[in-house]
Q: 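What follows is a single structure, and I will ask about it in a moment.
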There are 2 protein chains.
Amino acid sequence: MATLSEVARLAGVTTATVSNVLRNTQKVKPATVQKVQEAIAATGYRPNLMARALAEGKSSMVALVLPDINNPFYPEFVRVAERVARHRNYFLMVCNTDERPDIGRAYLHQIAGTLADGVLVLHTGISADDINELKTRRSPIVLASEEKVDLGDNIPHVVVNFHRAGEIAGQHLLALGHTRIGAIVGCGLEGMQVGRLDGFRSALEVGGVALPDAVIRNVSDTVAGGHDAAVSLLEQHPDITAIFCTNDLMAYGASQALADQGIRIPQDISLIGVTDIQMARDMRPALTTVALGIEQVATLSINLLLDLIENPAHQPTIVRVPDPVLVVRSSTGPVRSI
Amino acid sequence: MATLSEVARLAGVTTATVSNVLRNTQKVKPATVQKVQEAIAATGYRPNLMARALAEGKSSMVALVLPDINNPFYPEFVRVAERVARHRNYFLMVCNTDERPDIGRAYLHQIAGTLADGVLVLHTGISADDINELKTRRSPIVLASEEKVDLGDNIPHVVVNFHRAGEIAGQHLLALGHTRIGAIVGCGLEGMQVGRLDGFRSALEVGGVALPDAVIRNVSDTVAGGHDAAVSLLEQHPDITAIFCTNDLMAYGASQALADQGIRIPQDISLIGVTDIQMARDMRPALTTVALGIEQVATLSINLLLDLIENPAHQPTIVRVPDPVLVVRSSTGPVRSI
DNA sequence: CTGAAAGCGCTAACAA
DNA sequence: TTGTTAGCGCTTTCAG
């Protein structure tokens with residue numbers, strides 16, 4: 001790999017000049033620019049980004065730490081985050097923690113402030129303590145779509161109104177006449193998706209419908225989790241006419257369980273999820289869900305992070321995503337007659 | 001962020017000594033180690049990985065360039081690649097090109113040899129010319145699971161026997177008595193998945209079954225692509241009893257199309273895919289497919305890359321993945337009687 | 001066992 | 001407009 005000084009030597013100038021043409025500060029005479037560019041072409045020179053980062057005190061790289069790249073929510077998030085970052089001239093480094101908080105911690109400690117100018121943390125079970133400890137470094141850290149907002153005002157984060165999402169789901173089922181309803185709640189690294197459940201329950205209560213603990217299943221946030229929960233629910237409560245899942249992935253699993261037992265969706269049982277991942281559109285019947293607006297969340301999160309990097313005094317440091325919206329597809333319908 | 005010299009000052013030693021205890025060359029007196037470690041703890045020091053990389057001439061970071069993080073194959077690949085890399089003390093930087101070769105090129109040019117010690121390229125439509133141009137840098141580049149192996153021996157790559165995968169699928173359908181078969185072929189960035197189709201066709205030919213062009217659909221490698229292709233196939237060839245898809249994602253789409261039309265799988269039509277992504281297990285009916293062994297491919301690929309980084313003379317430079325294997329699930333069955 | 005000093009490749013004042 | 005000169009934070013001989 002050719003270096004700056006080789007290029008400089010070949011062009012008969014100094015490294016400073018080459019550096020200047022490289023990032024075209026308009027301070028170089030056209031003729032010299034010409035010479036330098038020829039030398040660059042001739043040597044096949046590429047800047048060493050590490051050296052540049054060290055000199056500039058800025059790597060133009062941000063890290064995205066997430067728990068499980070196989071959960072389709074994250075790839076969808078990554079895709080937009082990467083695009084936004086690229087447009088703002090940052091590299092995005094995706095770090096998968098395999099659901100292990102210790103790996104998340106390790107990434108954070110190693111990367112924040114050294115490899116990356118900032119890091120965006122998604123539901124990785126990293127404690128607020130860890131985050132606070134790291135705040136001493138100047139590298140901004142932002143958490144996205146936290147369920148629990150006990151982070152305080154001093155940690156930048158993006159908040160999604162999960163409670164409202166649950167509420168919307170509840171209102172939809174209520175409007176369709178359902179009264180015997182089950183709920184499948186995911187347990188991610190951040191703990192139960194309790195905000196969504198609370199919202200759901202409160203909506204039902206307004207309609208005079210109860211949601212006893214017996215019809216709630218807490219399971220892992222996966223297809224298999226949703227499947228098993230649905231099986232258990234059906235076994236113990238064959239009379240339910242609708243199931244609320246705190247996310248789409250589990251709803252997909254639940255739909256498999258229903259299909260396996262010959263139960264029709266939505267004629268026999270209605271199914272509603274939260275998030276609106278691509279899969280919700282692709283599955284059959286297509287899933288009615290409460291869209292969290294992945295694109296929005298990702299965009300707001302990464303932009304907040306980059307804003308904070310470029311201007312540490314940036315305000316606000318806590319941003320709210322617009323409320324979720326109901327997307328009606330084919331998995332919900334009027335309560336069955338019997 | 002504290003630096004080495006601050007730690008050194010606090011411990012009353014020089015940076016060289018701190019550096020030595022940091023990576024425990026056994027050359028430091030226990031008492032000094034003690035002092036230094038206290039200073040490290042007191043300052044909350046973390047090494048600046050950029051500076052280290054510059055000094056060592058090695059970043060311990062590898063990049064994984066892939067076309068579409070939303071295609072579930074890639075997250076599955078990423079997960080194991082990341083794990084292997086981590087165990088070998090490398091960071092994995094995932095670069096999504098959004099299916100745009102120019103972005104892939106840009107990543108390659110910017111990252112290879114500067115930010116990353118090596119890069120693993122997956123089906124991103126980057127030309128062999130580009131790769132060759134980059135070979136001048138010392139940074140190893142390995143391509144994984146190339147369909148076309150016209151890369152020559154001088155570019156390290158991992159090759160999957162796609163032809164065999166197609167053959168296995170063909171033999172399976174043949175054994176079930178199918179003779180009127182359609183095929184859905186994906187067109188990724190690397191061009192049509194023609195190896196798989198060739199293998200499939202040649203297996204059928206051995207069994208005396210033809211696969212005319214009329215029953216082949218070339219579509220994009222997505223759920224929607226598979227769906228549309230299946231619709232078109234059914235419309236023009238209602239007599240077919242089996243469909244071969246060159247990958248699982250399209251098979252999933254095809255299954256939706258069949259479900260939409262009330263066609264039962266496998267009673268009316270058998271469906272077989274290639275790859276064995278998680279979705280193949282999750283969908284209903286579960287998909288019969290030819291498993292490429294994602295875990296194996298990923299492991300071999302990343303290990304080859306790291307081997308090459310650590311020892312540029314490493315041999316072999318081209319590694320073959322063990323042959324694919326048939327995984328029979330519920331989407332294939334005997335040909336229907338009529 | 002520890003320190004002094006050079007240098008990785010680049011940027012950024014400041015001079016010339 | 002260009003060159004000189006310091007670093008950025010770390011590793012790594014080579015002396016002491």
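The figures here come from the full heavy-atom set of this structure, side chains too, leaving out hydrogens, waters and symmetry mates. In what follows, chains are A, B, ... by sequence order, proteins preceding strands, each numbered from 1.
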Q: Send over the distance from Leu4(B) CG to dA4(C) P, rounded to a whole Å.
A: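 Atom-to-atom, Leu4(B) to dA4(C), this comes out as 15 Å.
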
Q: Heavy atoms under 4.0 Å, any strand shown: does Lys27(A) hit a base, just sugar-phosphate, or nothing?
A: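 It contacts base atoms.
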
Q: Could you tell me how far apart Glu56(B) (CD) and dG7(C) (C1') are, to the nearest whole angstrom?
A: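 Atom-to-atom, Glu56(B) to dG7(C), this comes out as 14 Å.
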
Q: Would you mind checking if Arg100(B) and Asp98(B) are paired as a salt bridge, meaning a charged N to carboxylate O distance below 4.0 Å?
A: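 Here Asp98(B) does not pair with Arg100(B) in a salt bridge, since their nearest N and O are not under 4.0 Å apart.
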
Q: Which nucleotide in the list dG3(D), dC8(D), dT2(C) gets nearest to the side chain of Leu54(A)?
A: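 Within the option list, the nearest is dC8(D).
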
Q: So which nucleotide from dG9(C), dT2(D), dT11(C) ends up closest to the side chain of Arg52(A)?
A: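 Minimum distance to the Arg52(A) side chain belongs to dT11(C).
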
Q: Without decimals, in angstroms, what is the distance between Met1(B) CE and dC8(D) P?
A: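 So the CE-P distance, Met1(B) to dC8(D), works out to 15 Å.
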
Q: According to a strict under-4.0 Å criterion, is Thr32(A) in side-chain N/O contact with OP1 or OP2 of dT2(D)?
A: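 The answer is yes; a side-chain N or O of Thr32(A) sits under 4.0 Å from OP1 or OP2.
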
Q: Does any N or O in the side chain of Asn96(A) come within less than 3.5 Å of the main-chain N or O of Ile69(A), such that one atom is a donor and the other an acceptor?
A: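 A pair under 3.5 Å: yes.
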
Q: Check the side chains of Thr114(B) and Asn48(A) for a donor-acceptor pair under 3.5 angstrom, ignoring hydrogens and angles.
A: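 There is no such pair (donor and acceptor under 3.5 Å, judged by atom type) between the side chains of Asn48(A) and Thr114(B).
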
Q: Could you tell me how far apart Lys58(A) (NZ) and dG9(D) (P) are, to the nearest whole angstrom?
A: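 Taking NZ of Lys58(A) and P of dG9(D), I get 16 Å after rounding.
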
Q: Whole angstrom is fine here: how far is it from CG in Asn48(B) over to P in dG7(D)?
A: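 Rounded to whole Å, this separation is 18 Å.
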
Q: Which listed nucleotide (dT11(D), dC10(C), dT1(D)) is nearest to the side chain of Lys29(A)?
A: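 Output: dT1(D).
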
Q: Taking the side chain of Ala55(A) as heavy atoms from C-beta outward, which of dG9(D), dT2(D), dT11(C) is closest to it?
A: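 Side chain of Ala55(A) sits closest to dT11(C).
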
Q: Whether Ser19(A) contacts dC10(C) is assessed here as follows: a side-chain N or O lying under 4.0 Å from the phosphate OP1 or OP2. Is that the case?
A: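 So the side chain of Ser19(A) is outside the cut-off, no N or O lying under 4.0 Å from OP1 or OP2 of dC10(C).
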
Q: Please report, rounded to the nearest Å, how far the P atom of dC8(D) is from the CG atom of Asp117(A).
A: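 Going from Asp117(A) (CG) to dC8(D) (P), I get 18 Å.
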
Q: Looking only at side-chain atoms of Thr15(A), point me to the closest of dT2(C), dC10(D), dT11(C).
A: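 For Thr15(A), the side-chain atoms sit closest to dT11(C).
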
Q: Under 4.0 Å, counting only non-hydrogen atoms across every strand here, what does Thr14(B) touch: a base, just sugar-phosphate, or nothing?
A: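 The answer is base, as Thr14(B) lies within the cut-off (heavy atoms under 4.0 Å) of a base atom.
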
Q: Return whichever of Ala51(B) or Asn20(B) has its heavy-atom-nearest nucleotide of DNA chain D closer to the 5' end.
A: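 Of the two residues, Ala51(B) wins.
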
Q: Nearest to the Ala16(A) side chain among dA4(C), dA13(C), dC10(D), which nucleotide is it?
A: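 In terms of side-chain proximity for Ala16(A), the closest of dA4(C), dA13(C), dC10(D) is dA13(C).
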
Q: What's the CG-P distance between Leu49(B) and dT11(D), to the nearest Å?
A: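 After rounding, the gap between these two atoms is 10 Å.
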
Q: Which part of the nucleic acid does Thr17(A) contact within heavy-atom distance under 4.0 Å: base, sugar-phosphate only, or nothing?
A: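 Thr17(A): backbone/sugar contact only, no base atoms under 4.0 Å.
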
Q: Would you please say whether a donor-acceptor pair under 3.5 Å links the side chains of Arg9(A) and Ser5(A)?
A: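 No, no side-chain donor-acceptor pair sits under 3.5 Å.
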
Q: With a 4.5 Å limit on heavy-atom distance, are the side chains of Leu66(B) and His123(B) in contact?
A: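 SC-SC contact between Leu66(B) and His123(B) ruled out.
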
Q: So if I take every side-chain heavy atom of Arg23(B) and compare against dT12(D), dC10(C), dC10(D), which nucleotide ends up nearest?
A: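 Of dT12(D), dC10(C), dC10(D), dT12(D) is nearest to the side chain of Arg23(B).
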
Q: In whole angstrom, give the distance that lies between atom CE of Met50(B) and atom C1' of dC8(C).
A: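 Those two atoms, CE and C1', are 14 Å apart.
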
Q: If you draw a 6.0 Å radius around NZ in Lys58(A), do more than 12 non-hydrogen atoms from other residues or ligands fall strictly inside?
A: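 More than 12 within 6.0 Å, yes.
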
Q: Could you tell me whether the phosphate oxygens of dC10(D), OP1 or OP2, come under 4.0 Å of any side-chain nitrogen or oxygen in Ser5(B)?
A: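 No, outside the criterion.
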
